[in-house]
Amino acid sequence: MTGVFITEAAGEDDITAVRGLLMDYGRAMDFAICFKGYEREVAALPGLWLLARQDGEAVGVVGLAPSAGGCEMRRLYVRDDRRGDGLGRRLCEAALDEARRRGYTGMHLETLPSMAAAQALYRSLGFEPVPAGPAGASDGIIHLTKRL
């Protein structure tokens, strides 16, 4: 995939692009965008966001946020028309690299059973399933972790 640049979202144009991609992600999910405060999360954008652009157009995003025992990869999303070229893998690798650069020793993520392609990607990168934490009524959410 040529001409794709992944950078930390900075400035209002990048933040607007991240929010737009995250709203697309929310609409693509099989639950309402307002589920568990999703719209508030998009408005606040907690953590760090890596934005993929191709030819100046925002095409993918992934978040990185501190969490107990390390950090969490959040909301990996690649636009439908840009899937299949390895951009999701590049975004994951960029998030892993950034986590290591920031000194994290572990990364956690959550995914859904319906996201088979994402699960395969995460497992190919060395993520392994772990049980939900003690707060854990997870409604089928799959928890994965990786030592960095």
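Start at 1 with the first residue, then count along the sequence.
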Specify the closest pair of heavy atoms between [X] and [Y], including all atoms of both residues, with the distance to one decimal.
X	Y	value
M107	A95	CE-O, 3.7 Å
C92	Y122	SG-CE2, 3.8 Å
V18	A9	CG2-CB, 3.7 Å
Q54	V59	N-CG2, 4.1 Å
A94	I6	CB-CG2, 4.0 Å
L87	A52	CD1-CB, 3.9 Å

I need the full list of salt bridge (charged side-chain N to carboxylate O under 4.0 Å, His left out) pairs touching residues 110-131, with sequence neighbours left out, sorted by first then second residue. none
Pairs meeting criterion salt bridge (charged side-chain N to carboxylate O under 4.0 Å, His left out) with involvement of residues 63-74, two or more places apart: E41-R74, E72-R74
Hey, are the side chains of [X] and [Y] touching, using non-hydrogen atoms and a 4.5 Å cut-off?
X	Y	value
L121	L76	yes
C71	R102	no
D85	R90	no
M73	V62	yes
L50	L64	no
L96	K146	yes
Y25	V42	no

Not counting sequence neighbours, which residues clear side-chain contact (heavy atoms from CB on, under 4.5 Å) with A58? List them please. A17, L21, L51, R53
For T145, side-chain contact (heavy atoms from CB on, under 4.5 Å) partners two or more places apart: V130
Step-by-step side-chain contact (heavy atoms from CB on, under 4.5 Å) determination, E8 to L48: CA-CA 7 Å; E8 182 177 345; L48 167 119; 3.0 Å; yes
Suppose we screen for side chain to side chain donor-acceptor pair (under 3.5 Å). Which residues come up paired with [X], at least two apart in sequence or across chains?
X	value
R101	E98
D13	none
R79	E57, D81

Any side-chain to backbone donor/acceptor pair from R147 onto T105? Under 3.5 Å, distance only. no
Quick one: ring pair (Phe, Tyr, Trp, His ring centres under 6.0 Å) pairs with a partner in residues 90-112, sequence neighbours left out? H108-H143
L22 and side-chain contact (heavy atoms from CB on, under 4.5 Å): which single residue from R27, R75, E39 fits? R75
